[in-house]
Engineer: 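Below are the structure tokens for one structure; questions will follow.
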2 protein chains.
Amino acid sequence: MLTTFPDISRLKPAGGKRSGKREQIVNVFLRQEGHLSADDLVDLIRGEDQRISRATVYRTLQWMVDAGIARKVDFGEGRFRFEHSYRQPRHFHLICKTCSRSFEFLSSDIEGLVEEVAAARSFTVSQSVVQIYGTCDECRTGRTTSSQDGQTDLLFARDALRIAIATERSGAEFYTRAAKITRDARGRKVFQDLAHEEQEHLGRLEERYHELLERDPKLESRPTFLFFKGAAHGLFAEGAERLMKGVNDQQALMIGIRCERGSHRFFKKYGERFEDSEGKQIFLEFADEERTHLDLLVREYRALVKRQGRTRRGPSASPRAGAR
Amino acid sequence: MLTTFPDISRLKPAGGKRSGKREQIVNVFLRQEGHLSADDLVDLIRGEDQRISRATVYRTLQWMVDAGIARKVDFGEGRFRFEHSYRQPRHFHLICKTCSRSFEFLSSDIEGLVEEVAAARSFTVSQSVVQIYGTCDECRTGRTTSSQDGQTDLLFARDALRIAIATERSGAEFYTRAAKITRDARGRKVFQDLAHEEQEHLGRLEERYHELLERDPKLESRPTFLFFKGAAHGLFAEGAERLMKGVNDQQALMIGIRCERGSHRFFKKYGERFEDSEGKQIFLEFADEERTHLDLLVREYRALVKRQGRTRRGPSASPRAGAR
DNA sequence: CTAGGTGCAAATAATTTGCAGAGGC
DNA sequence: GCCTCTGCAAATTATTTGCACCTAG
């Protein structure tokens, strides 16, 4: 089920001996889902071995935190809880005050804002905590939702793919629209080609999405884990339609270059921020594909410029301006 | 300095007697800035009266929380701290791990995202905590920044005014630009009038801003307290320039109506969310002014329609569409 | 007079620590 | 044999409570 456990035997923070007890505690901890308090863990351990003392559990938990196996979280209950730390390191929590369960989510949007706030105060962030307290759907309605927790890795991959697909789709639509508007035949051809490529790439992403869904039939109905608007918005707003009409092939290529460059940078930037996981992989692969496409366009552009000289360069299509 | 203290004598949660001790503790608490731990408060109290017991301080703190004078906050130190609760109720914290001071900020942007996340899970939010841990500027650079903390009320007012000004400015610019583009003389006149009114309103806001600055000379250099992008962006994106050229007076009025309506709703919505304060006042007054202006425009529009019948109504200017 | 408020000391609750013995390398 | 881990019990820390006493209304 779980992708890869860290190799426990290798983890020895500031030295540490292999010991039956410690290994036992770590194993019980890793077998659990969710956020355990020290006491929960003691109870679980006691279930299979009476002779382990509370102090040892506390000491082992501390060791796990140092080793990077566990993370200590404070839900304001007056005691700490511990979560597996191979999960996303910068996730946030929804905490139900009724059933005291907690749900994790990722929000690059919130992260971004947090960074802005910190920057405005020249504050160096080492960790940020976002906790939303309230009542969960189940506790409010009484119904039991099928969606168990955990399995965030697949969820993350699913959401990463959804974002990639949304981006690609908006790209495809943009180029298609551009192709319709553009009067210049060569310009139109460029947009048509671009639209076609986006469509193709979109197809591949969707296929991958379906493959992912097959791994877990309930995957699609699970709540969103990664909240991230940035991606699908704005990357393809480039050039009001008014400008499109008179666009020639060179200018069309330049527009394509800007869009692909934006997309590449965006996915690279955010992909790099995530922890190793399939989702991160998807972001980085997507960034790579955009990069490849971008390089291709750049080569085409250069070839075109070489062939034509500077004669037909439009006023609004300088290679670097507003590339962001 | 501080605007208005709550009338302590009136505050009696679930009944409660006036008592010298309690009043004394409350007064000492209210005299302090920042976030006190129970122990800090005990020390302060002991400074002026040896005979007050720790238990009483704890009991009084609990009473203050119930009475709404204080708010209990958890900075993950293993004990609680208490802050005055006449401050903004939904503020967040930057917490320096070195000097263990904390700085407050407001972010409607983050609040908005938090609400979205909760909505996606059908989670009913009762409280949300955002804490950014790290190192503050002073601790990192060694320099002492003049900006003491506290005084959030003035800061909030300052930031509210800045946002109002930014909005008004973007409105003025938008109408000025529109006036330049519009070919129809009557349409142009409408935009010119709008631009003029915005300019005037802008002037009044700026004057008020300067008045505010006079109340505290260091006010302008203090770090941002309210983070809120929403306002200045998007409200005036209405109608690509392309469309402006052919706009007549009726259509121009309609564009103005949409912009003012957007602005009014926006400031009303967010203004209502804040706690009583000068800043809230500014938001609501601004919303009101926009409303008045809006009503005026609507009346003008109706009069125009009456005079002209439906003959000249343009295709893109239906009164309600996209009013958001 | 009586419901609260107050002080003191004891109780909790989560977590840490000192120390002596056990166990891995 | 040394160094670390472990168990147990005692210590610590923040906070709460029981109870007898005191005080305002």
Side-chain angles (χ1 to χ4, degrees), chain A residues 8-29 35-46 48-67 69-83 100, chain B residues 8-29 35-46 48-67 69-83 100:
Chain A
I8 297 144
S9 50
R10 289 281 154 69
L11 293 165
K12 293 187 182 178
K17 279 177 186 165
R18 260 229 250 165
S19 111
K21 294 278 161 80
R22 178 166 297 176
E23 213 131 315
Q24 204 178 344
I25 297 171
V26 173
N27 283 332
V28 171
F29 174 73
H35 303 86
L36 299 177
S37 67
D39 221 51
D40 293 339
L41 191 54
V42 171
D43 287 348
L44 284 164
I45 302 284
R46 288 275 159 86
E48 52 180 66
D49 188 342
Q50 291 291 307
R51 284 170 308 246
I52 290 185
S53 101
R54 193 172 298 275
T56 306
V57 172
Y58 273 101
R59 280 190 277 237
T60 307
L61 278 169
Q62 189 51 54
W63 178 86
M64 285 194 280
V65 170
D66 295 341
I69 302 170
R71 210 176 298 122
K72 207 172 179 176
V73 284
D74 178 7
F75 291 157
E77 305 166 290
R79 63 182 166 171
F80 289 98
R81 290 182 172 275
F82 296 83
E83 62 182 17
S100 70
Chain B
I8 295 144
S9 50
R10 289 280 153 70
L11 293 166
K12 293 187 182 178
K17 282 177 185 165
R18 243 332 166 120
S19 112
K21 295 278 161 79
R22 180 167 295 175
E23 214 131 312
Q24 204 178 344
I25 296 171
V26 173
N27 283 332
V28 171
F29 174 72
H35 303 86
L36 299 177
S37 67
D39 222 50
D40 293 339
L41 191 54
V42 170
D43 287 347
L44 285 164
I45 303 285
R46 288 274 160 86
E48 52 181 65
D49 187 342
Q50 292 291 305
R51 283 170 311 247
I52 289 184
S53 102
R54 192 172 298 274
T56 305
V57 172
Y58 273 100
R59 280 190 276 238
T60 306
L61 278 169
Q62 188 52 54
W63 178 87
M64 286 194 280
V65 170
D66 295 341
I69 302 171
R71 210 175 299 120
K72 207 171 178 175
V73 285
D74 178 6
F75 291 158
E77 305 166 289
R79 63 181 166 172
F80 290 98
R81 290 183 171 275
F82 296 83
E83 61 181 17
S100 70

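Reckoned from all heavy atoms, side chains included, excluding hydrogens, waters and symmetry mates. So that the names make sense, note that chain A is the first sequence line, chain B the second, and so on, each numbered from 1.
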Engineer: What nucleotide among C:dT6, C:dT16, D:dT15 has an atom nearest to a side-chain atom of B:T60?
Structural biologist: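 My answer, after comparing the listed nucleotides, is C:dT6.
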Engineer: Are OP1 or OP2 of C:dT16 and a side-chain N or O of A:Y58 less than 4.0 angstrom apart?
Structural biologist: no
Engineer: Rounded to whole Å, how long is the line connecting atom CG of B:L36 with atom C1' of D:dA14?
Structural biologist: 16 Å
Engineer: How close do B:E83 and B:H35 get, counting heavy atoms only, and between which atoms?
Structural biologist: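 For B:E83 and B:H35, the tightest heavy-atom pair comes out as OE1-NE2, 2.8 Å.
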Engineer: Let me know the distance between CZ of A:R81 and P of C:dT15, rounded to the nearest Å.
Structural biologist: 10 Å
Engineer: Think B:T56 has a side-chain N or O under 4.0 angstrom from the OP1 or OP2 of C:dG7?
Structural biologist: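 Answer yes for this pair, as a side-chain N or O of B:T56 is under 4.0 Å from OP1 or OP2.
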Engineer: Okay, side chain of A:N27, backbone of A:E23: is any donor-acceptor separation there less than 3.5 Å?
Structural biologist: yes
Engineer: Just how far, in rounded Å, is C1' of C:dG21 from CZ of A:R51?
Structural biologist: 16 Å
Engineer: In whole Å, what is the span from the NZ atom of B:K21 to the C1' atom of D:dC22?
Structural biologist: 10 Å
Engineer: A:A55 side chain: which of C:dT17, D:dT15, C:dA14 is closest?
Structural biologist: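 Closest nucleotide to the A:A55 side chain: C:dT17.
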Engineer: Would you kindly give the CZ-to-P distance between A:R46 and D:dC8, to the nearest whole Å?
Structural biologist: 8 Å
Engineer: Between B:D66 and B:W63, is there a donor-acceptor pair closer than 3.5 Å when you use the side chain of the first and the backbone of the second?
Structural biologist: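 Looks like no, no N/O pair under 3.5 Å.
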Engineer: Nearest whole Å is fine: how far is C:dG5 C1' from B:M64 CE?
Structural biologist: 15 Å
Engineer: Whole angstrom is fine here: how far is it from CZ in B:F80 over to P in C:dA14?
Structural biologist: 13 Å
Engineer: Please give, in whole Å, the distance from C:dT15 P to A:D40 CG?
Structural biologist: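 After rounding, the gap between these two atoms is 10 Å.
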Engineer: List the atom of B:F80, the atom of A:G76, and the distance in Å for their closest heavy-atom pair.
Structural biologist: CZ-O, 4.3 Å
Engineer: Under 3.5 Å, is there any donor-acceptor pair linking the side chain of B:R59 to the base of C:dG7?
Structural biologist: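 Donor-acceptor pair under 3.5 Å: yes.
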